[in-house]
Amino acid sequence: MRKLSRRLTLVSLLFSILLAPLRTAPAADFKREVIYQIITDRFFDGSSANNNPSQSSGLYDSTKTNWRAYWGGDLAGIQQKMSYLAGMGVTAIWISPPVDNLNTNIPDGSGNPTASYHGYQARDFKRIEEHFGNSSNTWTEFDNLVTAAHQNGIKVIVDFAPNHSTQNNAGEFGALYDNGTFLGNFSSDSNGYFHHNANISGGGWDDRYQAQYYTLFDLADINQQHSTMDAYLKAAAQLFQQHGVDGFRIDAVKHLTWGWQYSFANSIYTFGDSFLFGEWFQGNTSDPLYHDSYKFANKSGISLLDFPLNTAIRNVFGSNANFSQIDSVISQEGSNFTWKEDLVTFIDNHDMARFLSVNNNNNRLHQAMAFTLTSRGIPCIYYGTEQYLHNDTSGGTDPFNRPMMTNFSTTTTAYQLVNKLSTLRRNNTAIPYGSMSQRWINNDVYIYERRFFGNVVLIAINKNETTSYNISGLNTSLPAGSYSDYLTNLLGGVSISVSSGSGGNNPVTNFTLPAHNVSVWQFTEGASTPQIGSIGPTNGQPGVKVVIGGKNFGSSTGTVKFGTTTATVNSWSPTQITVTTPSVTNGNYNVTVTNSSGQVSNAIQYTVLTAKLIPITFTVNNASPTQVGDYIFLTGNTIELGNWSTTWDGAVGPMLTPNYPNWFLVASVPAGQTIQFKFIKIAANGSVTWEAGSNHQYTVPTSGTGFVNVNWQY
Ligand code: NOJ
Ligand code: NOJ
C-alpha cells in the first residue's frame, strides 16, 4: 500500500513535470532582470468568455467606470501582449494574485461594494480565478501564459498572499478551499486555522506581536503554525512551481509570522530554483521595524521591495527634494542589507498614487525610471508607466492608480528607455552586480558610478527643469578615453572625456550637464578571471540547487567550492553556473569558482543549513525580568539558531511577549535534528544574561510544525 502510494506520487510528479511549461534560464540570479508589475484585471482583455462567470456573476463592469469591479483583463490578455513586453526589454512579469478569489462583493472601508479584482482575497490557493482563466478554475490559461512568456525570454512571478484569505466579517467570512474541498472558515473556526485578534491599528503597526498576529484590514488572518495551514500553503506554492513560475512576490511579509517564512522559503528552494521578494511596507530607514526588516532579508532567503528607496525616489523626483535623500538611503541600506543588489526597486505600485499623479512631468518620470534602471537593485516598472498612464481622481490613490491600459505604443520615450537600459543590464555586469558610489552631488544633480571589477557605468542626472550645471572635479573609474551617451541622447545626454589619474580616480574634463538631462557612459573590460556577482538562494541545506551568476566562468566546466569542499556542478555557462549544496557542516561558507584554466574567482557568502526547515513555536515562561528595551532571544547549537550567538543580529529574535513575562517566537529549525538551545536576555545596553542550568534539548519533527514550551532556568 505504501509502495503503491509512493509510486502514485512519483507518477503524478512526473506527470506534472511533463505538463509544466518549459523553463528559461535559472531564476535565482534575478539581478539581470527588469520586472514589470501587472494588475491582471486592468491590463488587457484577451477573452470575453470569462468576463462574467456564473459562480461570481455581477462583479464585472463592461463600462469600466466602477473602479471597484472587474474590468475584463485576464491571463490570455497578458499572453497576447507578450511581444509588446519583450520589445520593451521586460524580462520578468509580476502578476497580481491569480488564485481563486472571493465570489461576492464586500464593502470597502467606505462601504462601497468591492470585488476582489486585485486578487488579494483568496478562497482557494490551488485554483485559478475564473475571471482570469476559465469557469472551471483550471490552470489552462495560466499554463499558456507561462509558456508564452518563457518563449519570449520572460520569467513569471506570481503575487502570493498567504497572510490571509477573504474578509472575516462579510462575503465568504474567510472560507478556504483546498482545490475545491472546503477546509474551514473564520466564523466557525473549530480547528484554529485562523488567528482571532483585532485589526492592527495605531501603534500596533510598529509592534512586533501585533504586526504579525493581529488582523490586516479585516482579512481572515491565517494561522500558519497550524500544520494543516502550513502544509496547504506550502503545497500551493509548490503547485505554482510545478506550473513553471520563476518566482514569488510575497504579500505583506511584515504581517506574516516572520519565523514561519524562513521555512516557507526553504520549502520553495528545496523544490527548485526560484526568486523570492516580499512586501515589507515601511516609509524609511528610521522606521521602528527597519532593523527587523533587514535582519529578515539577510537571513530568510526572501529579498524585499525597497520601500525606503521608493520614498526617497518619490520625494526627490516627484517633490523636488535634494538628491542627498536618495544618496543617504543608498548608503544606509548598503551597510545593512547583505544582499542589497537583490532589493526590488520601484517608483510606484498599486498601493500608492502613480508618479504622474504626484508630479505630472514626463521629464521627471524619465529621470526616475533611468535612476531605478541603473541604480543598485532589481528594477520593477508598474504597468502603464511606459504609456504615461495615470488617473488623478482623489489624488490618484487606490483604486485610481489601477486604470485600464489603453495604449500599447512601442514608440514612447519611456518604452525605449526601458529597452535600452534593460540591454545595458544584460551586457554590463556593473549594473546588476556592481557597487554604487556617489561621485558628484548637489540638490539637483546626482552623478553615481556602478562598478563590478573593471566594468563601469557612470550615470549623471540633472533634475532641474531650466538650469544647466557646470560639472568640475568629477572623478571616475572609467578608463581614459571619450564616451558618448549610451542612451544616444534619448534624454538629452552629452559626451565626456576622461584622462588618466590614479587609484580609480580618473578626472573627467569639465563639462556642462544641461537642464533635465540623463547621460549614461559605460565601459566593459576584457579580463579573464572568473568574477562572481550573485548567489541564489543565499541559504540551503545539502542537496538544494544554487545558482551562481557572474562573468568569465568560461564555456568549459571548472569547479565550484564551498570552503574547501567541491560541489557537484549541474550546469555551466560563461555567466551562470548551477551547483548542488554539498554535504558539509552547517555554517557560513565562502563559495568560489575556478575556471577550467585554474583561475580562481572572488568569494561570495552562502549559508549551509543543517536540514530542511520546520517552523517551531518556542515558548519560555517566566523569563528573566526585563526593562523597556531589553528583549529575550533564542540561541543554540546550529546555524539556524545562531550558533550560540548573543548579538541582536546573530541570535534568533527578539521574542514576543503578549503574556509577559512569558515570551514566544516561531523559528525555523532543522528537521529531524536534536537541537540544543537556551534563552538569553539582551539588554538595551547590549549586555547579555544567560539562563542557568544545562541546555534545553528538542528533537525537531521531520515534517509539519512543532511546539516547545519550557521555563526559564534560574
Ligand atoms: C499589500 C498589497 O499590495 C495590497 O494591495 C493588498 O491589499 C494588501 N497587501 C493585502 O493583501
Ligand atoms: C555558553 C553559555 O554560557 C551556556 O549556558 C550554554 O549552555 C553554552 N554556551 C552552550 O554550549
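Keep in mind that what you see is a predicted model, and the values were worked out from it rather than measured. Each ligand, and each atom within it, is numbered from 1 in the order the structure gives.
- Of all protein heavy atoms, the one closest to atom 1 (C) of ligand 1 is Asp251 OD1, 2.9 Å.
- The ligand atoms of ligand 1 that sit less than 4.0 angstrom from a heavy atom of Asp351 are 1 (C), 2 (C), 3 (O), 4 (C), 5 (O).
- Contact between His118 and ligand 1 is absent, with no heavy atom of the residue lying under 4.0 Å from the ligand.
- To the nearest 0.5 Å, atom CG of residue Asp124 and atom CG of residue Asn179 are 6.0 Å apart.
- Judged by distance alone, with hydrogens and angles left aside, the side-chain atoms of Asn284 form no donor-acceptor pair with the main-chain N or O of Pro308 at under 3.5 Å.
- Checked against the 6.0 Å centroid criterion, the rings of Phe160 and Phe264 qualify as a close aromatic pair.
- The distance between the ring centers of Phe125 and Tyr177 does not fall below 6.0 angstrom.
- Taking 4.0 Å as the cut-off, Arg249 counts as a neighbour of ligand 1 on heavy-atom distance.
- Under a 4.0 Å heavy-atom criterion, Arg402 is in contact with ligand 1.
- Applying the side chain to side chain donor-acceptor pair (under 3.5 Å) test between Asn137 and each of Arg127, Gln55, Lys126 identifies Gln55 as the sole match.
- Heavy-atom proximity to His164, at under 4.0 Å, picks out these atoms of ligand 1: 10 (C), 11 (O).
- For the atom pair Asn66 CG and Trp71 CH2, the distance stands at 8.0 Å (nearest 0.5 Å).
- Annotation for ligand 1: atoms under 4.0 Å from non-hydrogen atoms of His350 are 2 (C), 3 (O), 4 (C), 5 (O).
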